[in-house]
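Reviewing the structure listed below.
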Amino acid sequence: MSAREIEYGKEAFERILACCVDRIEAGELRARLDQARQEQRPLRVKFGMDPSSADLHVGHAIALRKLRQIQELGHKLVLIVGDSTAMVGDPSGRNKLRPQLTRQEVEQNLVTYTDQAAKLVDLSRAEVRRNSEWFDAMRFEDVLRLASKMTVARMLERDTFQKRVQDNEPIGIHEFLYPLMQGWDSVEIRCDIEFGGTDQLFNLLVGRELQRVQGQLPQVCLTLPLINGLDGRKMSKSYGNAILLTDAPNDVFGKTMGLKDEVMAVWFELLTDVPADERQALLSGGFREAKARLAEEITSLVHGREAAVAARQHFDRVFRDRELPAEIPLVEYAHPWPAGGLPLSILLRELGLAESSSQARRLVEGGGVKLDGEICRDANQVVLRPTIPLLVQVGKRRYLRLVAK
RNA sequence: GGGGAGGUUCCAGAGUGGCCAAAUGGGCCAGACUGUAAAUCUGGUGGCACUGCCUUCGGGGGUUCGAAUCCCUCUCUCCCCA
């Protein structure tokens, strides 16, 4: 296997900086590329992800796409899995104390995490490091030394902390440690460039400072735009407004179709490879068509082109043409069917179409449940053992064909 | 260490002895409408084989015919003073 060609020139410089919001310092990047060329080595480009929730979303995909480009330029992606930092909880962009995760929870999240990241970057060529590697080895003394590099005043300058002070929200001392930990990761891996969301700027800069203190060349800090979620707030799994990388293709497509028209341009730019002139043409045509294309691109990004095309067909069929989906899962009722039949509310609960029989009752009474295409408004209606598959439909998105054992 | 203010249903936040399964807003779910899972409007939003019953208002104990509301205690958070 021959060594990959590494790109150090103007093209690399520009591609690295493309889409970045903060560039601290772009000039240093130039010098850093030259230096790396002389030393015949790739730049070490860091990106950190805390396995603090189990799922990545398309907001993360902006960074991951960027990192893939960096890999294509031949530079080294160093992916930090923040298993130690996840136990602290990043206070960035948070107006509340984050729950501290246990080691066990972090371990669980970690597995799905790297799998998801692998959809978008080549992990086999990346260096994946857990930061517990060095933090577990630290003694309290080391922690104190690290903590002395930062002042309370500087920490309190941060908006998020200010707001919390104003709102009488608690701030844990450990939260002050977070930026230092993230910064220390940069020292440990001798980072050349660190990427993060715009909310990460402070943390990234701490990395610079710590590197300087430790006699390393300070990293270049580049931030990427954060993307808003379906409701306009910052996209976050915990707000429930995210398109997750684990969402089924139909959901990725459908959620994208629900985006506000105004944000389409940004999504096209940050999340697709559609060239600028083509994007322009799409956006000046019909919104519906443009958004369908966007949805297809996003779905393709997560699940591949084939799945994306199928998702688009499904969407058109179900939501535009108001027809039944092409494929409806056949579900076998798990228990023996009672001789006297089964009240609808109980059936829906048992099928997992409602969380409780009360909720099922509400769904039925609200007109959201159809049996064989007929709206059924009586939650007490007894459903007899189906002899042929019974089409059960809850809302616009949940369908199944039910058979008895 | 001392003093004060608080902890309410997914979230914010009303409620200070019965009319409280708990206002209002957000979120979420469903319905109508639509190019769309957008926007808007409507309804719903503890559980139960449900016209009734059961369990909720930080934990535990108590007063009372009756407590989210009163008392005791524990616990957590915030503020002020030291």
Side-chain angles (χ1 to χ4, degrees), chain A residues 58 94-100 161 163-173 175 228-244 247-265 267 282-283 285-296 298-299 311-322 325 335 337-370 375-384 392-399:
Chain A
V58 296
R94 283 285 168 154
N95 298 326
K96 270 204 168 169
L97 191 67
R98 283 196 192 229
Q100 280 177 267
F161 286 139
K163 185 160 192 324
R164 279 162 62 177
V165 168
Q166 264 172 18
D167 296 351
N168 290 344
E169 290 283 345
I171 300 173
I173 298 288
E175 294 184 88
N228 284 336
L230 305 171
D231 60 359
R233 292 186 294 169
K234 175 187 166 187
M235 185 177 287
S236 161
K237 168 101 184 292
S238 44
Y239 291 155
N241 65 358
I243 298 177
L244 303 176
D247 278 337
N250 286 344
D251 291 333
V252 175
F253 193 96
K255 284 181 177 183
T256 308
M257 284 305 279
L259 278 180
K260 287 182 196 293
D261 292 347
E262 306 85 78
V263 303
M264 274 197 282
W267 280 52
L282 277 164
L283 289 170
F287 276 161
R288 150 94 212 185
E289 176 55 30
K291 202 178 286 180
R293 174 64 190 280
L294 175 65
E296 191 180 317
I298 304 287
T299 311
R312 179 170 186 162
Q313 284 166 356
H314 174 267
F315 188 90
D316 283 348
R317 184 184 178 101
V318 174
F319 294 101
R320 187 191 60 194
D321 305 333
R322 310 273 163 152
H335 311 288
W337 204 277
L342 208 50
L344 182 54
S345 62
I346 307 301
L347 177 65
L348 293 175
R349 184 189 61 194
E350 295 298 319
L351 289 171
L353 294 171
E355 281 173 21
S356 65
S357 62
S358 299
Q359 195 193 62
R361 194 169 285 273
R362 285 178 223 119
L363 278 170
V364 173
E365 282 160 8
V369 175
K370 289 185 191 165
I375 292 181
C376 178
R377 285 183 183 275
D378 178 9
N380 292 320
Q381 176 177 330
V382 173
V383 181
L384 297 173
V392 183
Q393 193 176 338
V394 175
K396 291 190 179 69
R397 280 178 265 159
R398 283 169 288 172
Y399 299 84

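By convention in this document, chain letters (A, B, ...) are assigned in the order of the sequence lines, proteins followed by strands, and residues within each chain are numbered from 1.
The aromatic rings of His314(A) and Phe319(A) sit perpendicular to each other, their planes meeting at more than 60°, with 30° as the lower class boundary.
For the residue pair Asp247(A) and Lys255(A), the shortest heavy atom distance occurs at OD2-NZ, 2.8 Å. In terms of heavy atoms, Asn228(A) sits closest to Trp267(A) at O-CZ2, 3.7 Å. Between Met264(A) and Phe287(A) the shortest heavy-atom distance is CE-CD2, 3.6 Å. Considering all non-hydrogen atoms of both residues, Val318(A) and Tyr399(A) come closest at CG1-OH, 3.6 Å. Scanning both residues, Arg312(A) and Ala292(A), for their nearest heavy atoms gives NH2-CB, 3.6 Å.
Glycosidic conformation, rU24(B): anti, with the torsion outside 90° of 0.
In this structure, CE of Met235(A) is placed 17 Å from P of rG27(B), rounded to the nearest angstrom. In this structure, Ile173(A) atom CD1 and rC78(B) atom P are separated by 11 Å, rounded to whole Å. Here rG35(B) presents its P atom at 13 Å from NZ of Lys291(A), a figure rounded to the nearest Å. Rounded to a whole Å, the CG atom of Asp261(A) is 13 Å from the P atom of rA37(B). Atom P of nucleotide rA38(B) and atom CD1 of Ile243(A) are separated by 13 Å, given to the nearest angstrom. Protein atom CZ of Phe319(A) is 6 Å distant from nucleotide atom C1' of rA37(B), rounded to whole Å. Arg322(A) places its CZ atom 6 Å from the P atom of rA37(B), with the value rounded to the nearest Å. Counting to the nearest Å, the C1' atom of rU34(B) and the CZ atom of Phe287(A) are 15 Å from each other.
Distance check on atom C1': rA37(B) versus rG46(B) gives 27 Å, rounded to whole Å. With both ends at atom C1', the span from rC50(B) to rU55(B) equals 15 Å, rounded to whole Å. Nucleotides rU64(B) and rC71(B) place their C1' atoms 12 Å apart, quoted to the nearest Å. rC10(B) and rU16(B): their C1' atoms are spaced 25 Å apart (whole Å). Taking atom C1' in both rC79(B) and rU73(B), one finds a spacing of 24 Å when rounded to whole Å. Nucleotides rA12(B) and rG58(B), compared at atom P, are 13 Å apart to the nearest Å. Rounded to whole Å, the P atom of rG26(B) lies 15 Å from the corresponding atom of rG44(B). Between the C1' atoms of rC28(B) and rC65(B), the separation comes to 40 Å (whole Å).
Summarising the base pairing, rC70(B) is matched to rG62(B) through a Watson-Crick or G-U wobble pair whose two defining distances lie under 3.5 Å. Pairing partner, rC53(B): rG47(B), with both Watson-Crick or wobble hydrogen-bond distances short of 3.5 Å. Base-pair partner of rA30(B): rU42(B) (Watson-Crick or G-U wobble, both distances under 3.5 Å). Base pairing analysis places rU9(B) opposite nothing; no Watson-Crick or G-U wobble pair with both distances below 3.5 Å involves it.
Along RNA chain B, the nucleotide closest to Thr256(A) and the one closest to Arg398(A) are compared, and the more 5′ of them pairs with Arg398(A). Position along RNA chain B of the nearest nucleotide to Ile171(A) versus Leu363(A) favours Leu363(A) as the more 5'-ward residue.
The distance from atom CD1 of Ile298(A) to atom NZ of Lys291(A), rounded to the nearest 0.5 Å, is 12.0 Å.
Between rG31(B) and Lys396(A), a contact under 4.0 Å exists linking OP1 or OP2 to a side-chain N or O.
Across all strands, Phe253(A) comes closer than 4.0 Å to no nucleic acid atom at all (heavy-atom distances). Across all strands shown, Gly254(A) has heavy atoms under 4.0 Å from base atoms, whether or not it also approaches the sugar-phosphate. Among the atoms of the strands shown, none is found under 4.0 Å from any heavy atom of Asp247(A).
Between the side chain of Gln359(A) and the main chain of Glu355(A), a donor-acceptor pair closer than 3.5 Å is present.
Using a 4.0 Å cut-off between a side-chain N of Lys or Arg and a carboxylate O of Asp or Glu, Asp316(A) and Arg320(A) qualify as a salt bridge.
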Under 4.0 Å protein heavy-atom contact, by nucleotide of nucleotides 42-54 of chain B - B base, S sugar-phosphate only | --SS-SBBB----
